Asker: 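Handing you this structure, nothing more for now.
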Amino acid sequence: MLRSVPGTNDFFGKSKEYAFREPVFRHIVESAQRVLSASGAQTIHTPIFEYAEVLQKGVGTTSDIVVKKEMYTFEDRGGRILGLRPEPTASIVRSYNEHGMKVWPQPVRLFTWGPIFRAERHQKGRYKQFHQVDYEALGSSDPLVDAETIALMVQIYRELGLKHLEVKLGTVGDPEDRLRYNAYLRELFRPHAQELSEDSRTRLESNPMRILDSKSAADQQIASGLGVRPMLEFLGEEARAFHQAVVRYLEALEVGFSIDPSIVRGLDYYVRTAWEVHHANIGAKSALGGGGRYDGLSEMLGGSRVPGVGFGIGIERVAIAMEEEGVEAPTSPSLDLYLAPLDEAAKVEALQLAQKLRPQLQVEIGYSVKKVGKALEDATKKGARYAGLLGQGERMNRVTLKNLASGKQTQVAWNDVARWLGEQAEQPFAD
RNA sequence: GUGAGUGUAGCUCAGUUGGUUAGAGCACUGGUCUGUGGAUCCAGGGGUCGUGGGUUCAAAUCCCAUCACUCACCCCA
């Protein structure tokens with residue numbers, strides 16, 4: 001039997017996996033949408049594929065996504081090299097430039113949601129196709145925007161009922177700070193290059209900061225033995241003041257967070273603010289989302305200088321966290337009425353009555369003639385509140401409505417069904 | 001890319017020291033029940049026992065290979 005590609009998932013109501021239930025997915029997206037819309041952000045949807053160049057420049061040439069070839073690329077019939085987006089920020093910045101959004105009132109605040117692709121070995125909480133809610137604030141370099149962005153992100157998690165959150169705030173400084181820091185690190189580590197892990201030896205030239213958050217015990221031992229000074233000490237005046245401002249604003253907003261200097265965004269072109277949100281008890285893949293400031297990205301994509309800050313929230317990870325915390329799973333909307341035809345003539349009647357009642361009521365029909373007992377059984381299995389029987393005993397545009405919970409039933413004219421069911425709903429304890 | 005674990009029905013699993021035609025529960029379809037459901041009882045459909053090869057009179061079971069899935073490492077969402 002043909003199967004789905006490993007690391008991809010089907011989302012539907014009765015999925016065995018909580019994280020892949022469509023109502024859970026929708027609930028997360030809608031909650032995020034509510035929070036972000038309330039803050040005045042606008043929805044945007046960009047294509048899920050772009051010229052590979054856009055996406056590569058968007059994550060940077062030393063990022064794992066490019067280095068480890070984690071981006072799906074393909075050539076179309078016109079010989080264009082395209083890629084499936086490994087993150088949405090580059091597309092949004094590309095769109096901002098392409099449509100001249102710099103003449104809009106700044107900052108332009110956009111959010112989107114949809115599939116993201118990475119060609120990685122999958123495991124729990126990590127998939128080849130996963131989904132993100134993504135928010136970007138473009139056109140302002142005020143630290144207040146960074147603080148609000150973080151606060152909005154946290155607000156979304158709270159809205160979803162998550163409690164065991166850990167917000168880790170860091171800063172990667174300005175590019176020149178990083179140059180200084182990287183030069184310092186290279187000088188420090190170079191004499192010990194032979195002792196470093198293979199990954200870290202590569203990082204020594206490409207991105208020495210990444211050595212610091214290496215999980216290799218040997219690397220850690222070397223680092224602690226050398227007494228590595230933290231990035232914070234290498235910040236320039238402006239970057240330092242910026243970081244302090246973000247901290248101050250976040251304190252004023254009463255967003256709980258901790259300073260974590262080891263937060264180093266995996267993507268290039270991030271500057272200054274960087275953060276991750278983790279969840280206490282979901283184990284290895286604990287990051288629910290992350291974000292940062294990327295003032296240099298627009299120029300990398302050939303546009304003018306546009307400062308920006310934003311975040312991505314992993315929808316599947318959030319769903320796993322919700323399940324861990326026992327957050328009540330939203331369910332599919334319940335069926336109001338199941339119309340069962342009891343003879344051939346009633347089939348078209350069921351269709352007519354259903355059409356008449358939709359969309360005020362959610363109405364499903366039985367598609368084949370069944371005996372009354374089976375019809376009621378079907379209605380019950382479908383989770384309907386009422387069963388509507390159509391057959392010899394009805395006719396003349398009448399239907400027998402039976403409350404499946406109480407067992408009470410009555411015959412009602414078609415024209416009165418909507419009103420009658422409405423009245424019943426208003427007095428749920430009447431029976 | 002590296003390491004570990006697991007593969008029997010849609011799902012959860014049983015299957016003895018190798019032994020007839022591979023089983024159960026749940027789910028599904030129908031009957032019990034000709035216009036009154038959720039229960040009971042009965043019946044039915046559904047399996048190339050992951051795949052290929054080997055050992056054997058005989059393999060779901062033993063051996064080898066391979067594939068798939070899961071988890072973990074790296075990195076992140």
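The chains referred to below are lettered A, B, ... by the order of the sequence lines, with proteins before strands, and numbering in each begins at 1. If you're wondering where the values come from, they're calculated on a predicted model, not measured in any experiment.
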Asker: Please determine whether the number of non-hydrogen atoms from other residues, nucleotides or ligands lying under 6.0 Å from atom CD of A:Glu299 exceeds 12.
Answerer: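 More than 12 heavy atoms, drawn from other residues, nucleotides or ligands, come within 6.0 Å of this atom.
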Asker: Rounded to the nearest 0.5 Å, how far apart are CD of A:Glu364 and CZ of A:Arg358?
Answerer: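 Output value for this atom pair is 8.0 Å.
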Asker: Would you mind pulling out the nucleotide paired to B:U36, Watson-Crick or G-U wobble, both distances under 3.5 Å?
Answerer: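 Its partner is none (no Watson-Crick or G-U wobble pair with both distances under 3.5 Å).
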Asker: What I'd like to find out is whether the side chain of A:Leu232 reaches to under 4.5 Å of the side chain of A:His243, using heavy atoms alone.
Answerer: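 Contact flag for A:Leu232/A:His243 side chains = yes.
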Asker: Please round to the nearest 0.5 Å and tell me the distance separating atom CG of A:Leu339 and atom OG1 of A:Thr400.
Answerer: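 Reported to 0.5 Å precision, the distance equals 11.0 Å.
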Asker: Can you tell me how far P in B:A60 sits from the matching atom in B:U16, rounded to whole Å?
Answerer: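 Nearest-Å result for B:A60 against B:U16 at atom P: 12 Å.
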Asker: Return yes if the base of B:G37 and the side-chain atoms of A:Thr380 contain a donor-acceptor N/O pair under 3.5 Å, otherwise no.
Answerer: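 Check passes, donor-acceptor contact within cut-off.
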Asker: In whole Å, measure the gap between the P atoms of B:U55 and B:G46 for me.
Answerer: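 It comes out at 34 Å once rounded to the nearest Å.
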Asker: Answer with base, sugar-phosphate or nothing: what part of the nucleic acid does A:Gln129 contact at a heavy-atom distance below 4.0 Å?
Answerer: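 The residue A:Gln129 makes no contact with any strand.
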Asker: Would you mind telling me which residue lines up with the more 5' stretch of RNA chain B, A:Gly7 or A:Ile313, judged by nearest nucleotide?
Answerer: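 Closer to the 5' end of RNA chain B: A:Gly7.
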Asker: By the definition ring-ring contact (aromatic ring centres under 6.0 Å, His included), identify the one residue from A:Trp113, A:Phe311, A:Phe111 that meets it with A:Tyr135.
Answerer: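 The residue from A:Trp113, A:Phe311, A:Phe111 that satisfies ring-ring contact (aromatic ring centres under 6.0 Å, His included) with A:Tyr135 turns out to be A:Phe311.
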Asker: Does A:Lys402 reach a base, just sugar-phosphate, or nothing at all? Heavy atoms under 4.0 Å.
Answerer: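 Base, at least one base atom sits under 4.0 Å.
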Asker: Distance check, C1' atoms only: B:C13 and B:A27, in whole angstrom units.
Answerer: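 Their C1' atoms lie roughly 14 Å apart.
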Asker: Is the closest basic N to carboxylate O distance between A:Glu377 and A:Lys381 below 4.0 Å?
Answerer: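 Looking at A:Lys381 together with A:Glu377, the answer is yes, because their closest N to O distance falls below 4.0 Å.
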Asker: So, under a plain 3.5 Å distance rule, would you say the side chain of A:Arg121 forms a donor-acceptor pair with the base of B:C75?
Answerer: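 Not at all, since no donor on one side and acceptor on the other fall under 3.5 Å apart.
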Asker: Say we look at B:A68 and B:G25: how far apart would their C1' atoms be, to the nearest angstrom?
Answerer: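 One C1' to the other, the span is 27 Å.
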Asker: In whole Å, I'd like the distance from the CG atom of A:Leu342 to the C1' atom of B:C33.
Answerer: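 Going from A:Leu342 (CG) to B:C33 (C1'), I get 14 Å.
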Asker: Does any nucleotide pair with B:C62 by Watson-Crick or G-U wobble geometry, both distances under 3.5 Å, and what is it?
Answerer: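 Its partner is B:G54 (Watson-Crick or G-U wobble, both distances under 3.5 Å).
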Asker: Can you tell me the pairing partner of B:G30 across any strand shown, Watson-Crick or G-U wobble, with both distances under 3.5 angstrom?
Answerer: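 Pairing partner, where one exists within any strand: B:C42.
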Asker: Can you tell me the Watson-Crick or wobble partner of B:A68, both distances under 3.5 angstrom?
Answerer: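 Pairing partner: B:U6.
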Asker: Which whole number of Å gives the distance between the P atom of B:U8 and that of B:C69?
Answerer: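 After rounding to an integer number of Å, I get 14 Å for this pair.
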Asker: Extract from the structure each pairing of a protein N or O with an N or O of nucleotides 39-47 of chain B at less than 3.5 Å, listing the distance.
Answerer:
none

Asker: A:Lys16 has a side chain; which of B:U36, B:G31, B:C11 sits nearest to it?
Answerer: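 Closest of the options to the side chain of A:Lys16: B:C11.
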Asker: With sugar-phosphate meaning primed atoms plus P, OP1 and OP2, does A:Gly391 contact a base, only sugar-phosphate, or nothing at under 4.0 Å between heavy atoms?
Answerer: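 Base contact - A:Gly391 has a heavy atom under 4.0 Å of at least one base atom.
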Asker: Quick check: any donor-acceptor pair below 3.5 Å linking the side-chain of A:Arg118 to the base of B:C75?
Answerer: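 Not at all, since no donor on one side and acceptor on the other fall under 3.5 Å apart.
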Asker: I want to confirm an ordering. Mapping A:His122 and A:Gln132 to their closest nucleotides on RNA chain B, which one lands closer to the 5' end?
Answerer: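 Checking each residue's closest nucleotide, the 5'-ward one belongs to A:His122.
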Asker: Charged N to carboxylate O under 4.0 angstrom, A:Glu30 versus A:Arg34?
Answerer: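 Judged by the 4.0 Å cut-off on N to carboxylate O distance, A:Glu30 and A:Arg34 do not form a salt bridge.
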Asker: Counting just side-chain N and O atoms, does A:Lys381 come under 4.0 Å of either OP1 or OP2 of B:U29?
Answerer: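 Answer yes for this pair, as a side-chain N or O of A:Lys381 is under 4.0 Å from OP1 or OP2.
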Asker: Could one point to a donor on the side chain of A:Gln123 or the base of B:U70 with an acceptor on the other under 3.5 Å away?
Answerer: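 Counting by modelled atom types and ignoring angles, no donor-acceptor contact under 3.5 Å is found here.
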Asker: Given that both distances must come in under 3.5 Å, which nucleotide forms a Watson-Crick or G-U wobble pair with B:G23?
Answerer: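 The base-pairing partner of B:G23, which may sit in any strand shown, is B:C13.
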Asker: Charged N to carboxylate O under 4.0 angstrom, A:Lys163 versus A:Glu325?
Answerer: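 No salt bridge links A:Lys163 with A:Glu325.
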Asker: What is the separation between atom CH2 on A:Trp113 and atom C1' on B:A77, rounded to the nearest whole Å?
Answerer: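 In whole Å, B:A77 C1' and A:Trp113 CH2 are 17 Å from each other.
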Asker: Let me know the distance between CG of A:Asn9 and C1' of B:C69, rounded to the nearest Å.
Answerer: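 Result: 13 Å.
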Asker: How close or far is atom P of B:U70 from atom CD1 of A:Ile320, stated in whole angstroms?
Answerer: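 The distance from CD1 of A:Ile320 to P of B:U70 comes to 13 Å, rounded to the nearest Å.
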Asker: Could you state the atom-to-atom distance from CD of A:Glu166 to C1' of B:C76 in whole Å?
Answerer: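 Distance check: A:Glu166 CD to B:C76 C1' gives 16 Å.
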Asker: Would you kindly give the NZ-to-P distance between A:Lys14 and B:G10, to the nearest whole Å?
Answerer: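 Rounding to the nearest Å, NZ of A:Lys14 and P of B:G10 are 19 Å apart.
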Asker: Check every atom of B:A72, B:U32, B:C73 against the side chain of A:Lys124 and return the nucleotide holding the closest atom.
Answerer: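 Taking heavy atoms from C-beta onward, the closest nucleotide is B:A72.
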Asker: Give a yes/no verdict on a cation-pi contact between A:Arg180 and A:Phe234, requiring under 6.0 Å between NZ or CZ and the six-membered ring centre and an angle within 45° of the axis.
Answerer: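 No cation-pi geometry.
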Asker: Can you check the distance between B:U48 and B:C57, where both ends of the measurement are the C1' atom (answer in whole Å)?
Answerer: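 Per the computed distance, 23 Å lies between those C1' atoms.
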Asker: Rounded to the nearest Å, what distance is computed from the NZ atom of residue A:Lys371 to the P atom of nucleotide B:G30?
Answerer: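 Between P of B:G30 and NZ of A:Lys371: 9 Å.
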Asker: Between P on B:A77 and CG on A:Leu165, what's the gap in Å once rounded to a whole number?
Answerer: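 After rounding, the reported distance stands at 16 Å.
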Asker: Using atom P of each nucleotide, how far apart are B:U21 and B:C63 to the nearest Å?
Answerer: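 It works out to 24 Å between them.
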Asker: Under a 3.5 Å limit for both distances, which nucleotide forms a Watson-Crick or G-U wobble pair with B:G1, could you say?
Answerer: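 Base partner found: B:C73.
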Asker: Between B:G7 and B:G30, how far is it from one P atom to the other, in whole Å?
Answerer: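 To the nearest whole Å, 35 Å.
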Asker: Is there a side chain to side chain donor-acceptor pair (under 3.5 Å) between A:Gln129 and A:His131 once you walk through the steps?
Answerer: CA-CA 7 Å; A:Gln129 175 177 332; A:His131 301 79; 3.1 Å; yes
Asker: Using a 4.0 Å heavy-atom cut-off, does A:Glu316 contact any base of the nucleic acid, only the sugar-phosphate backbone, or nothing at all?
Answerer: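 It contacts nothing in the nucleic acid.
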